[in-house]
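Right, one structure below, let's go through it.
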Amino acid sequence: MRVRDLQHAVLPRVTSEERSRQEAVVSLRRLLNTRVRPQNIDAYSAEGLPAFVEANGRQPQSPDEVQEAFLMSPRYRRWSAANRAAQEMIWVSVGEPTYRDLDRMTQAAADLIDAPQKLGSLTLDPDYDPSPEVADLDIHLQPGGYGMDRGEHDVVAGALYECGGNVFSFGQGIGRGDSKASVIIKLLESDYEGFVPGKMLDMGCSAGAASAAYAAHWPDAEVHAIDIGAGMLRYAHARAESLGVAVHFHQMDASALTFEDDSFDLVVTHNVLHEIGADKRRAMLREALRVVRPGGVVIHQDVDIRRPPSLIHQVERDWDTHFNGEAHWATYATADLIADMHAAGFPREAIVEHDLAAIHGANRWYAISGKKPG
Amino acid sequence: MTSSVEALTSLLATARGNRPQSMANREAEDVLNITLAVLVELAVANDRIDRLERMVADLRGEPVEELRDLRYEGEIAQQRQEATDALLTRALRIMIDPRAQS
């Protein structure tokens, strides 16, 4: 199943003008990413570093000082300002059609959620206060953030996430045919030959794109998915029902699962590691191991920012921490995930890091996997 | 159906956090933001013109390239030149305006 640019009942219906605006933002971001951002290291060397040395009489000594030196480069500052503006424009370009078409979308979601004959299910927890570590931030500047819930039948957070994610990804050079779920399925086929899950869990599922893709790929599997926000989960559930796939969505914290031990054959996360701090990450890794059965597989996939060639590149990559609401971008990029997986309970020999090619486009993904002993 | 302005206002009402400054001058950064937004709107307008050109070409039964290749001479060319001059005067007004920065 394709996951990007897919039509379903809960998606905002965009006008030609709105589509043009989204495509223009994609083009602007593509130009910034392919033609301007690659100059940042040169801008640092030619402008930022000499300015820092002149002001301080020495080279930068720490990531903070390298960041300070970057910001002494006019070229870098110009790119940074333009990149931030373009990121905000992503949300304007998808937010306008979302709120304009919201009455219809809300009704469409309600019809799907309240339908007597459903394939999957939705279990919200009114007593759960979405993790402030994630919910209190507008991560990647998404207005209202992942946890936004505007009341009964609200689906805005999910719509913004799916539509904004597409505009972001296409501007990032990620192909329309790419799918993080397909990347993981391909990894399972190559590294865990013959492994087919009967029951799986997708943690931090957001708008449910990967969850639905897994359900479509393994129609006999029981697919469960969790996230923190009711607005995100209602959208994900209605989206899955509209696409005709069975996914069971739950409002739950990945670091405190309510599932029984050994419940799943496969546990996955997509782009969750970079959204949470170290304590929550370690708790999530422990929980993933706890709920997967002996012989089952856990795979955490995320963005490919963990192998910068130098500190300068690392700080350049860390723009998202300072300007894009990605509070844990550097936390993730520099974490010792093998040590964390081992501390969670995986034997070292069962832990593997993967450098994965995207299914479509030149992008690469990082993943770390572990097989539970037994 | 919510209007576009209401939709944009609803969206902006939910945005949280600060906007960290990149450029040395905040006003310059604000102007860059506005300029990029206008650039996107120009792309939207160009798409709309393109659609109309294709529809007109279709109605005339000719390739759209032929329609776009129309060249005007004389009075019409003069009118277009004057319109372009006026547009540039509006856009670059601050470089022509005699008022000094205080």
Side-chain angles (χ1 to χ4, degrees), chain A residues 12 15-28 32 70-74 76-86 88-89 91-104 135-139 141-145 148 150 156-157 160 319 321-325 327, chain B residues 1-60 64-65 67-68 87 91-92 94-95 101:
Chain A
T15 63
S16 295
E17 186 175 314
E18 288 163 346
R19 187 177 302 280
S20 286
R21 192 168 291 115
Q22 291 176 2
E23 288 170 354
V25 174
V26 167
S27 296
L28 171 62
L32 289 171
F70 261 114
L71 285 166
M72 293 172 116
S73 159
Y76 176 80
R77 289 201 302 268
R78 195 170 57 221
W79 165 80
S80 176
N83 209 40
R84 165 81 190 204
E88 290 191 26
M89 281 196 279
W91 303 110
V92 173
S93 76
V94 300
E96 181 182 332
T98 297
Y99 280 96
R100 184 187 50 69
D101 194 27
L102 192 55
D103 290 346
R104 186 201 61 78
D136 285 1
L137 290 173
D138 281 6
I139 289 176
L141 312 188
Q142 176 177 329
M148 183 169 72
R150 300 163 64 259
V156 169
L160 290 179
W319 177 87
T321 300
H322 304 284
F323 293 97
N324 197 26
Chain B
M1 180 72 78
T2 305
S3 75
S4 289
V5 171
E6 287 168 341
L8 288 165
T9 306
S10 298
L11 175 78
L12 297 178
T14 62
R16 302 169 299 175
N18 299 319
R19 179 179 292 112
Q21 187 177 318
S22 297
M23 300 178 90
N25 181 288
R26 182 182 152 190
E27 287 84 353
E29 189 157 334
D30 287 350
V31 173
L32 176 69
N33 269 264
I34 293 167
T35 307
L36 289 173
V38 171
L39 191 64
V40 166
E41 295 309 308
L42 176 63
V44 172
N46 282 345
D47 276 356
R48 181 171 279 188
I49 292 166
D50 180 85
R51 282 195 295 274
L52 288 171
E53 284 177 341
R54 289 177 192 280
M55 289 170 74
V56 171
D58 196 43
L59 286 170
R60 287 166 60 104
V64 71
E65 292 77 16
L67 185 88
R68 286 175 179 158
L87 184 148
L92 302 178
I94 199 161
M95 299 168 74
Q101 200 88 24

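Just the heavy atoms: all of them, side chains too, but no hydrogens, waters or symmetry mates, feed the values below. Remember, predicted model here, so these are calculated numbers, not experimental data.
- In this structure, no portion of B/A28 lies under 4.5 Å from any heavy atom of chain A.
- If you take CD on A/Q142 and CZ on B/R16, they are separated by 9.5 Å, rounding to the nearest 0.5 Å.
- Other residues, nucleotides and ligands contribute more than 12 heavy atoms inside 6.0 Å of the CZ atom of A/R104.
- Contact check for A/R21 versus B/E41: side-chain heavy atoms found under the 4.5 Å cut-off.
- Contact between A/S80 and B/S22 at its shortest, heavy atoms only, is OG-OG, 2.6 Å.
- Residues of residues 50-60 of chain B that come closer than 4.5 Å to chain A, counting heavy atoms only, are B/R51, ordered by residue number.
- Most heavy-atom pairs under 4.5 Å with chain B, from the set A/W91, A/Y76, A/F323: that is A/F323.
- Nearest heavy atom pair, residue B/L32 against residue A/R78, reads CD2-O, 4.2 Å.
- When all heavy atoms are compared, the tightest approach of B/L36 to A/M89 is CB-CE, 3.7 Å.
- Minimum heavy-atom separation, A/A24 to B/A43: CB-CB, 3.7 Å.
- Neither the backbone nor the side chain of B/N46 comes within contact range of chain A, judged by heavy atoms closer than 4.5 Å.
- At a threshold of 4.0 Å, the pair B/R19-A/E88 counts as salt-bridged, since one of the basic side-chain nitrogens sits closer than that to a carboxylate oxygen.
- Using a 4.5 Å cut-off between heavy atoms, A/L137 touches chain B through its backbone atoms (N, CA, C, O) alone.
- Shortest non-hydrogen contact noted between B/N33 and A/A85 is OD1-CB, 3.2 Å.
- In this structure the side chain of A/T98 never reaches within 4.5 angstrom of the side chain of B/L11, judged on heavy atoms.
- Taking each heavy atom of B/T14 and A/Y99 in turn, the nearest pair found is CG2-OH, 3.6 Å.
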